[in-house]
Student: 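Okay, here's the structure, questions in a sec.
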Amino acid sequence: MFRNNYDGDTVTFSPTGRIFQVEYALEAIKQGSVTVGVRSKKHAVLVALKRNADELSSYQKKVIKCDEHMGLSLAGLAPDARVLSNYLRQQCNYSSLVFNRKLSLEKAGHLLSDKAQKNTQSYGGRPYGVGLLLAGYDNSGPHLLEFQPSGNTLELYGSAIGARSQGAKTYLERTLEEYLEVDDADKLIEVALEALKQSLKDETLNTKNLSIAVVGEDKPFTIYDGEAVAPYL
Amino acid sequence: MASTVASEYSNEVKNVPIEHQFNPYSDNGGTILGIAGEDFAVIAGDTRNTTDYSINSRYQPKVFDCGDNILFSANGFSADGDALVKRFQNSLKWYHFDHNDKKLSLKSAARNIQHLLYGKRFFPYYVHTIIAGLDEEGKGAVFSFDPVGSYERSQCIAGGAGASIIMPFLDNQVDFKNQYVPGSHGTERRKAQYLTVDEVIKLVRDAFTSATERHIHVGDGLEILIATKDGVRTEYFPLKRD
Amino acid sequence: MNHDPFQWGRPSDAHYGNYNKKIAEASPYPKMNTQQPIVTGTSVISMKYDNGVIIAADNLGSYGSLLRFNDIERLFPVGKNTVVGISGDISDMQHLEYLLEDIQTENNYDNQYANEEEALKPSYVFEYLSNVMYNRRSKMNPLWNAIIVAGIEDGKPFLSYVNLLGVTYSSPSLATGFGAHLALPLLRKVVDDESDVEKTSIESAKAAIIESMKVLFYRDARSSRKYSLAIVDKDEGLIFEKGLQVENMAWGFAKDIRGYGTQKV
């Protein structure tokens, strides 16, 4: 049976200039549960919907801390995110040991991009099947970055990745002017949660399926899970 | 020609006289001491840093709060001391990453430090290391290490340049060594009992003012870190600067 | 049997004769590292004042007691907030100069905040240099230098020292080499304690540094009259003064000295 010949590896372009494996990797993100990130002039916030395989299993981990000033949330293949977050932890660690310096979000983004791009140019490998939202506070203030397996890393004021994330994105686009000026971290979390709700289907948020993380000046990257998210529901 | 050979193997290199060998160590003076109380522990250190007869700095802290209520100090060759502190703090950071922010117990910290030190058994960290905090029962605890990782738990210990001056004083005043019950004519030992924080701070200050008088590498300032169940607090007292 | 462990598993000399090192072009000596400095620069001196830091070093490169090079610059600006002063071996210093250029290039690459928020700070430069120094000493291959990093960080003066052993310390006044003995007592008259810094003006700090350079020129045989001085000031930024000279010396007493030189009686 004849089938598309240009999607077997990451080193062959299709005649229309596409690398299908990379595009498939982007599809893997959409299979994961949704996560939303927003950024004001003071803070950056991540919220994520956690899924459990069945009633007896635990909920997946959606937010990972990389350093005191930086962390990420993921949508897609969790094992790939573990590899990438571990890489970022090491790079943050190197920066603080050798230079007494917080790794800037911009540098972190470039490092991730370079690592992901390598996979798209060598035979036998596959792209990472995960999208990341990177939140942090460095010398130039709060930042939110979106990482894609293609090697793209974009800086954004608000973003959402994962299943039905378009709903959250539309909400964030509409309310940008309001949340950009929000000073209070809790208020910004509320914005992020409202956006997250736009991406839910039949789920309702509760203490088990919601993760929240916040970072800002004088506020190290902190994850709220379980009972700690109750006040925000 | 009889000459020193640059190898422990007599046949490897013949007759290469050693004119001068780079010495990777120096002694940066200073003294530290750790005391455990019933529900607290302290590490105190002077803030002077020296080489030979020069005072490099009058305020170079060497007692650190590493998090998880663990106090840490490594006295001797200060470059190795700083490197060891940095390595331990890093070890703690990855322990938290790998074990979901679990608190590191003091005895686990001690075992970890043994491995850091023994890992350089054949090019040792030239330091006397002391850590302090609370044990799993909430009692004050102090551990001390030799340069290659041998360690033990004790009630009180001194390290560094002034250790030999301070330690006998501590034996007498903390463990009541050589103290006997009045009237017993030296037959009944005075029973050891826990000291309060205030008593310990008094003792530490006396120990360091005395060491400052008698030892040129001790002085300038005294920094005491106190670990209790409520966290770590720091006190500073000036010492003589001569 | 030869019981020396070095001989274990080797062809025995009794059977095959001495090993001919020329065959493998093997060195008859073990690998050798720096064991002593060759061309050297003498003291670097520095101090904090209320609004910044001052650092100075002369321009001489000595080859033993020979005054070999007299236009060596030993102060290196790193970005806009940092100056690094280096004494000790000059070739090792030039290697460090290369490393400093390298971290600046690296910092300017893919960094949109390179000129402001993410510019190199003195503590970054110092941490890097102290790691280089400690790692090299741990390989028993030291860079034979003593280094002072001076600058302004987050609006406050920064001053730290590191040497060939990787020993580091900070103080409101710092000096390397001979300066630690001759100049530091003079500088400590002005800033002995961190609390003295805010009471010290740039004028009194500069006067102390200039006076110290004079004393060093008087008494340190490996010093030169010509020197450089750098100031990192919170408001004025980096001021680099090159080609300064020790002035106002009193040599009047010299004519009365007897017993040295060519005078008769």
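Throughout, protein chains are lettered first and strands after them, A, B, ... in sequence-line order, and every chain is numbered starting at 1.
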Student: Please classify the contact of C:Asp110 with chain A as side chain, backbone, both or neither, using a heavy-atom distance under 4.5 Å.
Tutor: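 Answer is both: backbone and side chain atoms of C:Asp110 are under 4.5 Å from chain A.
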Student: Just to be sure I understand the criterion: a residue of residues 112-124 of chain A counts if one of its heavy atoms is under 4.5 Å from a heavy atom of chain C. Which ones qualify?
Tutor: none
Student: Is the count of non-hydrogen atoms from other residues, nucleotides or ligands lying under 6.0 Å from C:Phe240 atom CZ greater than 12?
Tutor: yes
Student: For the OH atom on A:Tyr157, are there more than 12 heavy atoms of other groups (residues, nucleotides or ligands in this structure) within a distance under 6.0 Å?
Tutor: no
Student: Measure the shortest side-chain to side-chain distance between A:Val98 and C:Tyr128 over non-hydrogen atoms and say whether it is less than 4.5 angstrom.
Tutor: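 In short, these two side chains touch, coming nearer than 4.5 Å.
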Student: Find the distance between CG (A:Asp138) and CD (C:Glu117) and round it off to the nearest 0.5 Å.
Tutor: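 It comes to 8.5 Å.
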Student: Pick one of side chain, backbone, both or neither for C:Leu129, based on which atoms fall under 4.5 Å of a heavy atom in chain A.
Tutor: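 Neither part; nothing is under 4.5 Å.
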Student: Name the region of C:Asn107, side chain, backbone, both or neither, that has any atom closer than 4.5 Å to a heavy atom of chain A.
Tutor: side chain
Student: Let me confirm one number: the NZ-CZ distance from C:Lys121 to A:Phe99, rounded to the nearest 0.5 Å.
Tutor: 14.5 Å
Student: Got more than 12 heavy atoms from elsewhere within 6.0 Å of NZ, A:Lys169?
Tutor: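 More than 12 within 6.0 Å, yes.
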Student: Please determine if A:Lys107 and C:Glu118 form a salt bridge, counting it only when a charged side-chain N lies under 4.0 Å from a carboxylate O.
Tutor: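 Result for this pair is no, no salt bridge flagged.
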Student: When only pairs under 4.5 Å are counted, which of C:Tyr113, C:Phe126, C:Tyr109 shares the most heavy-atom pairs with chain A?
Tutor: C:Tyr113
Student: List the atom of C:Leu120, the atom of A:Arg101, and the distance in Å for their closest heavy-atom pair.
Tutor: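 In terms of heavy atoms, the two residues are closest at CD2-NH1, 3.7 Å.
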Student: Measure distances from C:Gln112 to the heavy atoms of chain A and classify the residue's part below 4.5 Å as side chain, backbone, both or neither.
Tutor: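 It is both, since atoms from each part get that close.
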Student: Looking only at heavy atoms, what is the nearest atom pair of A:Asn100 and C:Tyr124, with distance?
Tutor: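 It is O-CE2, 3.4 Å.
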